[in-house]
Enquirer: 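Handing you a structure now.
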There are 2 protein chains.
Amino acid sequence: MTDDYVEIARQGRLASALHTAGYKLTGPRLAVLYVLEMELCHASPQEVYERGVAIYPALGLSTVYRTLDILTELGLARPAYLGDASQRFTVHHDQRHYHLVCDACGAITDVDEDRITELACSLAAGLGFKPRGQYLEIYGLCQHCQAQPARPPVN
Amino acid sequence: MTDDYVEIARQGRLASALHTAGYKLTGPRLAVLYVLEMELCHASPQEVYERGVAIYPALGLSTVYRTLDILTELGLARPAYLGDASQRFTVHHDQRHYHLVCDACGAITDVDEDRITELACSLAAGLGFKPRGQYLEIYGLCQHCQAQPARPPVN
DNA sequence: CCGGTAATTGAAATTCTTTCTCAGCTAGAA
DNA sequence: TTCTAGCTGAGAAAGAATTTCAATTACCGG
């Protein structure tokens, strides 16, 4: 495990946005961005921290929270409750976050659908609301868990 | 302030659902349901508690959490992050929760739009997903805050 | 390439939120 | 009215998030 993550993260979309906004690209910060971009799109701060420590051992939990806050402020992440048991989760994407969340196994599937975006925007416009982003979550049963009546599969 | 809340809450949609599911309709529980139904559609447990105590002084915070859990389990409420500063919030409605959330003042506007429901359902169906409910949040600036460049209005 | 400085850092303390425990109480069926 | 499973509040405990602070560091300008 070398320091490749620095170069990889530095070239990423998130790092670029932070830099543009005037934030410094430090080692710990890049480790967090690397985790979010390459490993975990949807994760709790704790999970991000655990993965981050594997990359940058001195990483502190505070830095994870701080970085997630910055990303949220820049509109690159957002807090959400995904599924039942999960605590505070954060996700990232452009300005659209569309998810299918399985009630049984907790699996999260990303969906990208322009029609929803259009519909939501026209809806907001009709009410004089200026949208910055949007979040759609459909919860229910994934294909796997519909077949399997009792026990959840993986997670 | 009499005990009218008992009769009012007892006749509500939430109380009826709890009763059908076999839960007892107790004083503390009805106070929470009253608050949720008549006063606060979108609220943190703490806020529900504060209002609830005004109605039923002996109310405990545990009961608020427990009642919100039951409502969530029955699909009548759901946890969500609404806006920036807010902590864990819960909302209630049938199975559809569509919100416009203002980034500046935190105002939450409910939206009811069949087209979104249809679109989301057809989307899910195409992926073999069986939807139980859905949640859409559009965040941005409300009409008021677009005009007012600096300071948020009420809250 | 180097120095200065304001931003950033991790650890620890703190605060806030949520869950658990338990002995007493109560709604509602019989 | 009686009985009992379910419900209660208080306090303790666990868990999550934020704050503080002295030490460190990215990176701009020279």
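Since this is a predicted model, take the numbers as computed values, not measurements. In what follows, every chain begins at residue 1, and chains take the letters A, B, ... in the order their sequences are listed.
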Enquirer: Does a donor on one side chain and an acceptor on the other come within less than 3.5 Å for B:Tyr135 and B:Glu137?
Expert: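 Checked: B:Tyr135/B:Glu137 side chains pair up, N/O donor to acceptor below 3.5 Å.
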
Enquirer: Can you confirm if the NZ or CZ of A:Arg29 lies within 45° of the ring axis of A:Tyr23 and under 6.0 Å from the centre of its six-membered ring?
Expert: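 That pair does not qualify as a cation-pi contact.
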
Enquirer: Whole Å only: how far is the CG atom of A:Leu68 from the P atom of C:dT9?
Expert: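 After rounding, the gap between these two atoms is 12 Å.
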
Enquirer: For A:Arg29, which contact category applies under a 4.0 Å heavy-atom criterion: base, sugar-phosphate, or nothing?
Expert: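 Touches sugar-phosphate only.
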
Enquirer: Starting at atom CD of A:Glu47, determine the distance to atom P of D:dA17, rounded to an integer number of angstrom.
Expert: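 So the CD-P distance, A:Glu47 to D:dA17, works out to 12 Å.
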
Enquirer: Select one nucleotide: of C:dG28, C:dT9, D:dT8, the one nearest the side-chain heavy atoms of B:Pro28.
Expert: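 Nearest to the side chain of B:Pro28 among the choices is D:dT8.
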
Enquirer: Rounded to whole angstrom units, what separation is found between the CG atom of A:Leu33 and the P atom of C:dT9?
Expert: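 Distance, rounded to whole Å: 10 Å.
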
Enquirer: Just checking, is any N or O donor in the side chain of B:Tyr98 or B:Thr117 under 3.5 Å from an acceptor N or O on the other one?
Expert: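 Yes, a side-chain donor-acceptor pair sits under 3.5 Å.
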
Enquirer: What is the nucleic acid contact for A:Thr26, judged by heavy atoms within less than 4.0 Å: base, sugar-phosphate only, or nothing?
Expert: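 Answer is sugar-phosphate: A:Thr26 comes under 4.0 Å of backbone atoms only.
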
Enquirer: Rounded to whole angstroms, how far apart are OH on A:Tyr49 and P on D:dA17?
Expert: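 Interatomic distance, OH of A:Tyr49 to P of D:dA17: 14 Å.
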
Enquirer: For B:Tyr65 and D:dT8, give me the distance from atom OH to atom C1', rounded to whole Å.
Expert: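 Value for this atom pair: 17 Å.
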
Enquirer: For the pair made of OH in B:Tyr56 and C1' in D:dC7, what is the distance, rounded to whole Å?
Expert: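 It works out to 10 Å between those atoms.
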
Enquirer: Would you mind telling me which residue lines up with the more 5' stretch of DNA chain D, A:Leu61 or A:Arg10, judged by nearest nucleotide?
Expert: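 By nearest-heavy-atom nucleotide position, the 5'-most residue is A:Leu61.
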
Enquirer: Taking the nucleotide of DNA chain C with the nearest heavy atom to each, does B:Arg66 or B:Leu25 sit closer to the 5' end?
Expert: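 Comparing both residues, the 5'-ward one is B:Arg66.
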
Enquirer: About how many Å separate CD1 of B:Ile55 and CD of B:Glu50, when rounded to the nearest 0.5 Å?
Expert: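 Atom-to-atom, B:Glu50:CD and B:Ile55:CD1 are 13.0 Å apart.
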
Enquirer: What is the minimum heavy-atom distance between B:Val48 and B:Leu36, and which atoms define it?
Expert: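 Closest approach of B:Val48 to B:Leu36, heavy atoms only: CG2-CD2, 3.8 Å.
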
Enquirer: Toward the 5' end of DNA chain C, which comes first, B:His19 or B:Ser62, by nearest nucleotide?
Expert: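 That would be B:Ser62.
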
Enquirer: Would you mind reading off the distance between B:Leu59 atom CG and C:dC25 atom P, rounded to a whole angstrom?
Expert: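 Nearest whole value for this atom pair: 18 Å.
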
Enquirer: In whole Å, what is the span from the CG atom of A:Leu18 to the P atom of C:dA7?
Expert: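 Value for this atom pair: 16 Å.
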
Enquirer: State which of D:dT8, C:dA7, C:dT18 makes the closest approach to the side chain of A:Lys24.
Expert: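 Selected nucleotide: C:dA7.
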
